[in-house]
Chemist: 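Here it is: the structure, laid out below.
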Amino acid sequence: MHPDSTITVDQAYPQRSAEAALRAGTFVAPFKRERLTWIKPSFLGMMYRCGWASKPDQERVLRIEIDRTGFERAPAHAALSHFRPGVHADHDQWRAQVAASPVRVQWDPDRSVPLEPQPWRAVQVGLSGETVDRYVDDWIVDLTDVTELARSTHSAVLDGRIEEAGRPPPAERPYPLPEAIRRRLGADG
C-alpha cells in the first residue's frame with residue numbers, strides 16, 4: 001500500500017524483537033542491523049513466508065509505515081538477488097551490481113487469500129549496510145502490531161470464509177517505478 005507520503009510493508013519477528021520495536025517506535029536490540037532485513041509490501045506474501053505468524057522466530061507481524069522518499073532510495077540502489085538473462089548482460093555484470101549495492105530485490109509469486117501462488121509477482125526488498133541504518137533511523141514513520149489480523153485472517157481461511165478473510169489486508173496496488181529502475185530490477189517481466 002502506498003499513500004502519497006508513505007509506503008506500508010510487513011515483517012515478521014520473534015516476540016522479543018517485536019515488543020522492543022513497538023516500545024521504541026523503531027527497531028532496537030535484539031534487532032541486528034548487521035543482518036540483511038527483508039521487507040514485503042505484500043501482506044499475503046508475508047503471511048506465506050511466516051506461516052500466518054506461526055513459524056519459529058516469526059510469531060509477531062509488524063506493519064511498518066515508511067517514508068516514501070526514503071523508501072524510493074532502496075530500489076534505486078538495488079540489485080537483483082539472482083542473475084537474470086535479459087536484465088544482466090552476463091554474470092559478471094550481475095556480480096558487480098550485487099557487490100556495489102546494499103539492497104537486494106527478489107520477485108516472488110504474489111499470493112491469494114488461501115496463499116496460492118498468483119500469476120503476477122510481488123517484490124521483497126532486502127536491506128543491508130547503511131540502508132538498514134537509514135531504514136531504522138530515518139524512514140520508519142509508524143509501527144503497528146498486526147499479529148491478530150494475521151491470525152484472524154488465517155482462522156477465516158481455515159473455516160472456508162475466504163471472502164471475509166480477504167477484507168482485512170490493505171488495498172495493494174502496483175508501485176510506480178521509473179523506467180530505468182524497472183529495467184534494472186526486471187520489473188517488467
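Keep in mind the model is a prediction, meaning the values are calculated, not measured. Any value given below was found using the heavy atoms of this structure, including those in side chains, with hydrogens, waters and symmetry copies removed.
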Chemist: Report the C-alpha separation of Met47 and Thr153 in whole Å, then their side-chain angles, then the decisive distance to 0.1 Å, and conclude whether the side-chain contact (heavy atoms from CB on, under 4.5 Å) test is met.
Modeler: CA-CA 10 Å; Met47 294 306 94; Thr153 303; over 6 Å; no
Chemist: Please list, chain by chain and in numerical order, all residues satisfying side-chain contact (heavy atoms from CB on, under 4.5 Å) with Asp110, sequence neighbours excluded.
Modeler: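 Residues passing side-chain contact (heavy atoms from CB on, under 4.5 Å) with Asp110: Ser42, Gln118, Trp120, Ala122.
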Chemist: With a 4.5 Å limit on heavy-atom distance, are the side chains of Val113 and Val157 in contact?
Modeler: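 Answer yes - side chains close enough.
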Chemist: If hydrophobic clusters are built from ILVMFWY residues whose side chains come within less than 4.5 Å, do Leu44 and Ile162 share one?
Modeler: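 Result: yes, single cluster for both.
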Chemist: On a heavy-atom basis, which atom in Val103 and which in Ala74 lie closest, and how many Å separate them?
Modeler: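 Closest approach of Val103 to Ala74: CG1-O, 3.6 Å.
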Chemist: Is there side-chain contact between Glu59 and Ser54, with heavy atoms separated by less than 4.5 Å?
Modeler: no
Chemist: Once you round to the nearest 0.5 Å, how far does CZ of Arg68 lie from OG1 of Thr6?
Modeler: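 Result: 8.5 Å between the selected atoms.
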Chemist: Give, for atom CD1 of Ile140 and atom CG of Leu62, the distance between the pair rounded to the nearest 0.5 Å.
Modeler: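 Going from the CD1 atom of Ile140 to the CG atom of Leu62 covers 9.5 Å.
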Chemist: If I compare all heavy atoms of Thr26 with all of Leu143, which pair ends up nearest, and what's the gap?
Modeler: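 Where Thr26 meets Leu143 most closely, the heavy atoms are N-CD1, 3.4 Å.
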Chemist: Quick one: list whatever passes salt bridge (Lys or Arg N to Asp or Glu O under 4.0 Å) with Asp133, sequence neighbours left out.
Modeler: Arg33
Chemist: Under the salt bridge (Lys or Arg N to Asp or Glu O under 4.0 Å) test, which residues partner Arg16, sequence neighbours left out?
Modeler: none
Chemist: Please enumerate all residues that pass side-chain contact (heavy atoms from CB on, under 4.5 Å) together with Thr147, with sequence neighbours excluded.
Modeler: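 If we apply the side-chain contact (heavy atoms from CB on, under 4.5 Å) test to Thr147, skipping adjacent residues, the hits are Ala53, Arg60, Val61, Asp145, Arg151.
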Chemist: One pair to check against side-chain contact (heavy atoms from CB on, under 4.5 Å): Ile39 and Ile66. What are the steps and the verdict?
Modeler: CA-CA 11 Å; Ile39 58 177; Ile66 303 172; 4.1 Å; yes
Chemist: Name all residues meeting the side-chain contact (heavy atoms from CB on, under 4.5 Å) criterion together with Ser128; count only those two or more places apart in sequence or in a different chain, and write none if there are none.
Modeler: Leu36, Pro102
Chemist: What residues form a salt bridge (Lys or Arg N to Asp or Glu O under 4.0 Å) with Asp90, not counting sequence neighbours?
Modeler: none
Chemist: Same cluster or not: Val98 versus Trp38, using hydrophobic residues (I, L, V, M, F, W, Y) connected whenever any side-chain heavy atoms lie under 4.5 Å apart?
Modeler: no
Chemist: Test Gln58 against Met46 for side-chain contact (heavy atoms from CB on, under 4.5 Å), laying out the working first.
Modeler: CA-CA 10 Å; Gln58 297 182 54; Met46 186 71 254; 4.3 Å; yes
Chemist: Would you say NZ of Lys32 has more than 12 non-hydrogen atoms from neighbouring residues, nucleotides or ligands within 6.0 angstrom?
Modeler: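 Open: at most 12 neighbouring heavy atoms sit under 6.0 Å from NZ of Lys32.
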Chemist: Could you list the residues that satisfy salt bridge (Lys or Arg N to Asp or Glu O under 4.0 Å) with Glu179, not counting sequence neighbours?
Modeler: Arg182, Arg183
Chemist: Which atom names give the shortest non-hydrogen contact between Phe43 and Ala150, and what distance separates them?
Modeler: CZ-CA, 4.2 Å
Chemist: Quick check on the hydrophobic clustering: are Leu127 and Val141 connected, directly or via other members, by side-chain heavy-atom contacts under 4.5 Å?
Modeler: no
Chemist: Hey, could you give me the OG1/CD1 distance between Thr69 and Ile7, rounded to the nearest 0.5 Å?
Modeler: 11.5 Å
Chemist: Quick one: pull up CG in Leu22 and OH in Tyr13 and give me the separation to the nearest 0.5 Å.
Modeler: 11.0 Å
Chemist: Could you measure the distance from the SG atom of Cys50 to the NZ atom of Lys55? Nearest 0.5 Å is fine.
Modeler: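 That separation rounds to 7.5 Å.
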Chemist: Can you name the ring pair (Phe, Tyr, Trp, His ring centres under 6.0 Å) partners of Trp52, sequence neighbours left out?
Modeler: His154
Chemist: Considering non-hydrogen atoms only, spot the tightest contact between Arg84 and Gly186 and give its length.
Modeler: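 Shortest heavy-atom separation between Arg84 and Gly186 comes out as NH1-O, 3.0 Å.
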Chemist: Could you work out, with ring pair (Phe, Tyr, Trp, His ring centres under 6.0 Å) as the rule, every residue matching Phe31, not counting sequence neighbours?
Modeler: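 Partners of Phe31 under the ring pair (Phe, Tyr, Trp, His ring centres under 6.0 Å) test: Phe27.
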Chemist: Answer yes or no: is there a donor N or O on one side and an acceptor on the other, between the side chain of Ser152 and the main chain of Glu148, under 3.5 Å?
Modeler: yes
Chemist: State, yes or no, whether a side-chain contact exists between Thr131 and Tyr135 at a heavy-atom distance under 4.5 Å.
Modeler: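 Not touching, per the 4.5 Å side-chain cut-off.
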Chemist: Quick check: closest heavy atoms across Ala20 and Ala29, and the distance to 0.1 Å?
Modeler: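 Smallest heavy-atom distance, with atoms named: CB-O, 3.6 Å.
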Chemist: Using the side chain to side chain contact (heavy atoms under 4.5 Å, CB included) rule, pick out the option among Gln106, His88, Gln97 that qualifies with Leu80.
Modeler: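 It is His88, the one option of Gln106, His88, Gln97 that forms the side chain to side chain contact (heavy atoms under 4.5 Å, CB included) with Leu80.
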Chemist: Mind jotting down which residue pairs meet the salt bridge (charged side-chain N to carboxylate O under 4.0 Å, His left out) criterion with at least one end in residues 99-109? Sequence neighbours excluded, please.
Modeler: Lys40-Asp108, Arg49-Asp108
Chemist: When you look at CZ of Arg35, are more than 12 heavy atoms from neighbouring residues, nucleotides or ligands closer to it than 6.0 Å?
Modeler: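 Open: at most 12 neighbouring heavy atoms sit under 6.0 Å from CZ of Arg35.
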Chemist: Identify, with sequence neighbours excluded, every residue that meets side-chain contact (heavy atoms from CB on, under 4.5 Å) alongside Arg134.
Modeler: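 side-chain contact (heavy atoms from CB on, under 4.5 Å) check on Arg134 returns Arg73, Glu130, Asp138, Trp139.
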Chemist: Would you compute the distance between atom CD of Glu65 and atom OG1 of Thr144 and round it to the nearest 0.5 angstrom?
Modeler: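 Output value for this atom pair is 7.5 Å.
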Chemist: What is the minimum heavy-atom distance between Val87 and Arg184, and which atoms define it?
Modeler: CG1-O, 3.3 Å
Chemist: Taking the side chain as C-beta and beyond, is there a heavy-atom pair between Val125 and Pro75 under 4.5 Å?
Modeler: no
Chemist: Quick one: ring pair (Phe, Tyr, Trp, His ring centres under 6.0 Å) pairs with a partner in residues 53-74, sequence neighbours left out?
Modeler: Phe71-Tyr175
